[in-house]
Every structure is written in structure tokens, then in C-alpha cells.
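Not measured: the values here are computed from a predicted model. Note that these values count all heavy atoms, side chains included, but never hydrogens, waters or copies made by symmetry.
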Amino acid sequence: MPTRLRGAARDTAGGLPRAFWWLWTSTLINRLGGFVTVFLALYLTVDRGYPAAYAGLVGALYGLGGTGGALLGGVLADRWGRRSTMLAAQLGTAVATAALGFVRGPVAIAAVACAVGVASNTSRPAVQAMMADVVPAPDRLRAFSLNYWAINIGFGVSAAGAGVIAAHGYLLLFLLDALTTVLCALVVFVRIPESMPSTTVTSTVVEAPGSLVDVLRDRRFMALVGITFLLGTVTQQGTTTLAVSMGRSGLTPSQYGLVIGLNGLLIVLFQIPLTRLTRGRGRTGLLVAAALLLGWGFGLTAFAGSAGFYALTVVVWTLGEMLQAPTSTAVVTEMSPTRARGRYQGMYTLAWSAASFVGPLAGGVALQAWGSAMWLACGGVGTVAALGYWLLLRSRGDRPRDPAHPAAPSRSRPAAHPATTSRPAAHAPAAHAPAAYASPDSGDRSSPDVPSPVR
């Protein structure tokens with residue numbers, strides 16, 4: 001058994017670059033201290049005495065700031081560099097988070113909360129782009145799964161610890177959150193080198209960072225963003241309308257807490273084993289299955305009436321979440337030209353931020369108008385998303401490749417080392433991202449099906 005465990009550990013975590021593990025560590029530290037987002041509504045209503053409507057407004061402004069931060073972070077990651085963007089965003093987040101614990105007055109609180117949303121989301125595209133830079137294409141699905149695992153471990157621990165810390169005063173909550181963000185930035189500053197490929201010039205081609213317009217013109221990628229937004233609005237129901245439905249079924253808040261807590265627990269326990277089990281599977285099939293499990297996991301809620309049945313629905317849609325989150329991030333990486341990874345990841349992050357804003361509102365309106373049939377509509381959305389994945393990916397083959405991968409069409413050469421600022425050869429302009437996919441007959445089968453939120 002020890003030998004088998006060691007072998008499983010090597011398969012899961014072995015062979016990944018040191019820069020990735022420092023990125024992983026910085027993510028874990030950051031999420032372990034993510035107290036404020038968990039308890040912000042309680043702070044505003046219980047400690048500050050504001051009405052629930054104002055707390056909802058502040059939460060919406062936080063999400064709105066996040067949408068802007070996602071785009072800003074993507075642009076800066078491609079212009080300034082991944083490391084510089086991460087450091088600026090993390091230090092900005094620390095300052096804004098600490099300030100949120102001191103400001104008074106509804107306008108000031110709302111403005112600073114929006115600033116926290118901007119700063120905290122600015123670093124995410126840079127982190128994802130750097131992971132794509134430093135991790136070889138065959139290992140990316142593993143890497144994104146491990147990162148997603150770290151996010152959920154940190155979220156679970158911070159959610160549990162925030163209540164204990166809040167008992168000693170909410171200001172301490174804000175200050176500790178800011179401190180862990182500074183520690184995250186310190187790890188980046190000391191241990192993680194810049195990874196962004198340099199702009200290069202050949203006799204005929206200049207590789208330039210381009211602009212967000214180039215991303216918007218990439219219709220295939222924007223279709224993926226749209227599918228992500230649809231699934232994001234569905235997953236938001238787990239923390240919003242699910243509680244309302246359980247209350248209508250006569251269940252208590254503590255029962256809801258136990259049921260929804262299964263989500264994080266299952267991800268922590270089974271994300272890595274699931275990644276190993278699905279290794280070598282086609283991405284198209286994984287994403288189609290993920291969309292159906294997500295949609296109809298929530299769809300089953302229409303028939304739930306007991307805590308046990310609600311728990312079953314959570315198990316089903318959590319399985320879909322575990323498949324979808326890392327796999328879709330890997331596909332985004334494969335669709336992205338090397339010099340445009342930040343902007344592509346920023347647009348992808350924007351889809352989740354927009355879903356966090358629209359999802360609760362749409363779910364609440366639908367539940368009020370349609371009752372339990374709203375959950376069947378979630379199943380319909382999941383089915384549409386599954387069909388979208390199939391149509392989007394089937395024509396490009398099931399094993400996308402990195403534009404800088406040696407076996408890909410000769411658009412660029414691999415960097416000397418992924419974690420350095422070596423200069424890959426120039427390739428076609430950033431707007432031509434779809435060409436990063438291999439055709440079904442192009443033949444490289446050397447790697448398993450890998451190149452994949454926030455949560």
C-alpha cells in the first residue's frame with residue numbers, strides 16, 4: 001500500500017516545475033486568508049447595522065468590480081508581465097481589504113468594496129497565464145486541477161476559521177485577510193520569476209501583444225466564454241436559490257449548511273483522484289459530461305424534499321464542477337496564443353464574474369415566477385451548454401495543443417525553459433487563436449488528454 005500511495009502521489013504531483021509549486025503555495029496562502037468575502041454580508045448587517053438590501057448592493061458592487069478587474073488583469077498580464085501584475089494586484093488587494101475594515105459610511109464602504117473586487121480579480125488572469133507559461137502542455141490539466149484543489153482547501157479552512165476570528169472582532173478579520181495577501185505577494189516576489197515570453201522580431205513577422213479587440217474577434221473562443229457564462233449562472237444557484245428551496249421544504253439553515261458543505265468536502269477529497277481517473281479522456285467528452293452533470297444535478301432539485309435528496313443533488317453537480325473547472329481552463333489555454341494568454345484568461349474570468357452577478361438575480365426571479373420548475377430550467381441550460389461544447393470542440397479534434405508545443409504547426413519554437421524569460425520565435429498575430437488547435441488527423445498522441453473559479 002505505501003508503494004501504491006507513493007506511485008499515486010508521483011502520478012498526481014510529480015514532474016511539475018518548481019515555479020508551479022510556488023504559484024500553488026501562493027494561491028493556498030491567499031485562499032487560507034480569504035475571510036472577508038465569506039463574512040462581508042454578516043459584517044454589514046450584524047456589526048454595522050445596515051439592511052440586507054444594502055449588503056446585497058455591496059456584494060453586487062464587489063462582483064461588478066471583479067468583472068473590470070478580470071479584463072484589466074488580462075491586459076496587464078500581457079503588457080506588464082505576469083509577475084508584475086500579480087504583485088501590484090495583491091498589494092492593492094491587501095491595502096483595500098485593510099481599508100474596508102476602517103471605512104465608515106455607506107458610500108465609502110461600497111466604493112472600497114468595489115475596489116477590493118477590482119484588485120482581487122486583477123491577479124487571477126496573470127496567475128492562470130503564468131501557469132500556462134511554466135507548465136508543459138501535457139501536464140496542464142494536472143496542474144490546473146491541483147490549483148483548483150488548493151483553492152477549495154483554502155476556501156474551506158477560511159470559511160471555518162472566519163467565524164472563530166469574527167468572534168474577536170471583525171476588524172481582525174480584515175487585517176488577517178490583508179496580511180495573508182501580503183504573504184502571497186512576498187512568495188511571488190521572492191520565489192517566482194517572470195514567465196511571459198518576450199516580444200520578438202524576425203525578418204517577416206512581429207509578435208505583438210495585441211488588444212482585447214483581437215480576443216472579441218475570436219468567435220470560437222467567445223463561444224466558449226458564452227458557454228462558461230451559462231454554466232456559471234447555474235452554479236450560482238448553489239449559494240442562493242438552493243437555500244430558499246430548502247427553506248420552502250421545511251429544512252433548517254443548519255441543514256442547508258451541512259448539505260452545501262458537501263460541495264467543498266467532495267472537491268477536497270476527490271478532485272485529485274478524479275483527475276487521475278479521467279486522465280487520457282477526451283476533453284470534449286469531459287466537458288459534455290460536466291455540463292450535463294451540472295445542469296441536471298441542479299435539475300434534480302425540482303424533485304427534492306428531504307435533506308438526503310438535496311445532498312444527492314449536490315453530489316451530482318459537484319462532480320460536474322470538478323470535471324468542468326480544470327478542463328475548461330486547460331482548453332482556454334490551448335485556444336490562447338502565447339503572447340495573449342493574459343487577455344484570454346481575463347475574458348474567461350470575466351464570464352465567471354458576470355455569472356456571479358447575473359446568476360443570483362436570474363435565479364431569484366425564475367424561482368419566484370416558476371417555482372420548482374426553475375430547477376428543470378437549470379437542466380435545460382446544462383443540456384444547451386453540453387451541446388455547445390460538442391459543436392465547438394468536435395470539429396477541431398479532441399487533443400488541442402499549445403501554440404509553442406514542438407509538435408504543433410511551426411508558428412513558434414519552445415522556450416528554453418518555461419519559467420524564464422527566454423525568447424520564443426515569433427508566430428502569427430494573436431487574433432488567430434483557433435489555429436492553436438490540432439486537426440483530428442495531425443497525429444500527436446504522446447500526451448494524455450491534457451493540455452483546466454474561482455472558483
Side-chain angles (χ1 to χ4, degrees), residues 9 11-34 70 73-74 77 82-83 85-86 89-90 93 120-158 180-181 183-185 187-188 191-192 195 228 235 263-264 266-276 278-279 283 286 290 318 321-334 336 341-342 344-346 348-349 351-353 402 418-419 450-455:
D11 287 345
T12 300
L16 293 171
R18 181 177 299 178
F20 164 78
W21 286 113
W22 284 116
L23 267 177
W24 187 91
T25 301
S26 69
T27 297
L28 181 62
I29 292 171
N30 196 18
R31 293 310 176 104
L32 285 172
R82 319 325 190 191
R83 183 173 180 268
T85 301
M86 289 163 59
Q90 288 158 357
T93 301
S120 61
N121 274 272
T122 297
S123 66
R124 292 180 184 179
V127 171
Q128 293 165 338
M130 180 174 276
M131 283 190 180
D133 293 339
V134 303
V135 177
D139 296 322
R140 287 198 187 119
L141 185 57
R142 272 198 304 144
F144 284 124
S145 294
L146 285 164
N147 192 60
Y148 187 64
W149 184 53
I151 288 170
N152 281 277
I153 291 175
F155 179 82
V157 172
S158 64
T180 56
T181 309
L183 290 176
C184 174
V187 169
V188 173
R191 291 293 182 179
I192 303 177
S195 66
T228 302
T235 59
N263 174 252
L266 289 170
I267 292 172
V268 170
L269 292 179
F270 297 113
Q271 179 67 58
I272 301 306
L274 181 65
T275 300
R276 294 183 67 235
T278 57
R279 193 172 182 179
R283 271 178 293 276
L286 288 177
T318 298
E321 183 183 351
M322 289 191 289
L323 289 173
Q324 193 271 343
T327 308
S328 62
T329 307
V331 170
V332 171
T333 298
E334 296 300 326
S336 310
R341 281 176 179 155
Y344 273 68
Q345 293 290 353
Y348 177 70
T349 303
W352 288 108
S353 298
D402 183 31
V450 289
S452 165
V454 161
R455 251 193 199 310

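Proximity of a side-chain donor or acceptor of Arg82 to a complementary backbone N or O of Ala77 within less than 3.5 Å is detected. Remark: side-chain polar atoms of Arg31 are not paired, donor with acceptor, to backbone N or O of Ala150 under 3.5 angstrom. Checked by atom type and distance alone, the side chain of Trp24 pairs as donor or acceptor with a backbone atom of Leu146 at under 3.5 Å. Ser328 contributes a side-chain N or O that, together with a main-chain N or O of Ala325, makes up a donor-acceptor pair within less than 3.5 Å. Side-chain atoms of Gln345 never come within 3.5 Å of backbone atoms of Val332 as a donor-acceptor pair (strictly under, hydrogens ignored). Side-chain N or O atoms of Arg140 include one that pairs as donor or acceptor with a backbone N or O of Val135 at under 3.5 Å. A donor-acceptor pair under 3.5 Å links the side-chain atoms of Thr93 to the main chain of Ser120, judged by distance alone.
The shortest side-chain heavy-atom distance between Val188 and Gln90 falls under the 4.5 Å cut-off. The closest side-chain heavy-atom distance from Phe144 to Thr333 is below 4.5 Å.
Residues Gly33 and Thr180 come closest through the heavy atom pair CA-OG1, 3.3 Å. Taking all atoms of both residues into account, the shortest heavy-atom contact from Ser26 to Cys184 is O-SG, 3.3 Å. Summarising the geometry of Pro136 relative to Pro17, their closest heavy-atom pair is CD-CG, 4.1 Å, with the distance given to 0.1 Å. The minimum heavy-atom distance linking Ser195 with Asp133 is given by the pair OG-OD2, 2.9 Å. The shortest heavy-atom contact between Gln128 and Thr349 is OE1-OG1, 3.5 Å. The minimum heavy-atom distance linking Thr275 with Ser145 is given by the pair OG1-OG, 3.1 Å.
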For side-chain contact (heavy atoms from CB on, under 4.5 Å), just list the numbers for Met131 and Thr329, CA-CA rounded to whole Å, side-chain angles, deciding distance to a tenth of an Å, and then say yes or no.
CA-CA 11 Å; Met131 283 190 180; Thr329 307; over 6 Å; no
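Atom CZ of Arg191 sits about 10.5 Å away from atom OG1 of Thr25, to the nearest 0.5 Å. Summarising the geometry, atom CG belonging to Leu274 is positioned 11.5 Å from atom OG1 belonging to Thr318; distances are rounded to the nearest 0.5 Å. Separation of atoms CZ (Arg276) and CZ (Arg142) is listed at 10.5 Å; rounding is to 0.5 Å. Rounding to the nearest 0.5 Å places CG of Leu28 at 9.5 Å from CG of Asn147. Here the CD1-CZ distance, from Ile192 to Arg18, works out to 12.5 Å after rounding to the nearest 0.5 Å. For the atom pair CG of Leu269 and CD1 of Ile153, the computed distance is 9.5 Å after rounding to the nearest 0.5 Å.
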